[in-house]
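Contents: one structure, followed by commentary.
Each residue takes its place number in the sequence, starting with 1.
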Amino acid sequence: MTGVANTHANAILVTHNSFSMYQVRRLAATYGIAACLLCSMQTPAQANKLDAVAQRLGNACKLRVTDQFNVSMSEALVSLGATLKQSLDSGATTMQDVKASGLSFDWSVTGQSAKGYCNVNYDGTVTEFKQW
């Protein structure tokens, strides 16, 4: 595990974002502590902003899929890549990272074998669109 954990009588204070919730629970179990306090650098407001940006960028990818395959919005399925989603959820990827690099989405089309990924920059421009 990376990061620093300080244990006290009834809590664990995690001072680095690289701990996953699984690792925090494991630390709690190791020290026999029932409650854990997770201190993240990301506030709920920041998380909400990231969610809004992810939705906006995901819609840009979805529009590209609908244009490419001439399907409705409901037939185009778009989701964040699993690793990226974990990174956003844990706070390891910040708004600054998203502004610099954009986001990557997996996509598929309902009723077709078409699927792939697309990368979208912060401005909402699809910079890469690949089909498997």
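When all heavy atoms of Ala60 and Gly124 are compared, the closest pair comes out as CB-O, 3.3 Å. Taking all atoms of both residues into account, the shortest heavy-atom contact from Asp97 to Ala92 is OD2-O, 3.6 Å.
Between the side chain of Ser87 and the backbone N or O of Thr83, no donor-acceptor pair lies under 3.5 Å.
Looking at Ser104 and Asn119, their side chains do bring a donor and an acceptor atom within 3.5 Å of each other.
Annotation: side chain of Lys62 is not in contact with side chain of Trp107 (no heavy-atom distance under 4.5 Å). Between Leu80 and Asp106, every side-chain heavy-atom pair lies at or beyond the 4.5 Å cut-off. Side chains of Lys99 and Asn121 form no contact here, defined as non-hydrogen atoms less than 4.5 Å apart. Contact of the Arg64 side chain with the Phe69 side chain is not registered, since no non-hydrogen atoms from C-beta on lie closer than 4.5 Å.
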Starting from the C-alpha separation in whole Å, work towards a yes-or-no answer on side-chain hydrogen bond (donor to acceptor under 3.5 Å, both in side chains) for Gln131 and Tyr117.
CA-CA 7 Å; Gln131 182 177 352; Tyr117 74 92; over 6 Å; no
Could you walk me through whether Glu75 and Ser72 satisfy the side-chain hydrogen bond (donor to acceptor under 3.5 Å, both in side chains) test, starting with their C-alpha distance in whole Å, then the side-chain angles of each, then the deciding distance to 0.1 Å, before giving a yes or no?
CA-CA 5 Å; Glu75 293 172 297; Ser72 68; 3.1 Å; yes
Report the C-alpha separation of Leu77 and Val65 in whole Å, then their side-chain angles, then the decisive distance to 0.1 Å, and conclude whether the side chain to side chain contact (heavy atoms under 4.5 Å, CB included) test is met.
CA-CA 9 Å; Leu77 306 175; Val65 173; over 6 Å; no
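Heavy-atom contacts from other residues, nucleotides or ligands closer than 6.0 Å to CD of Gln112 number more than 12.
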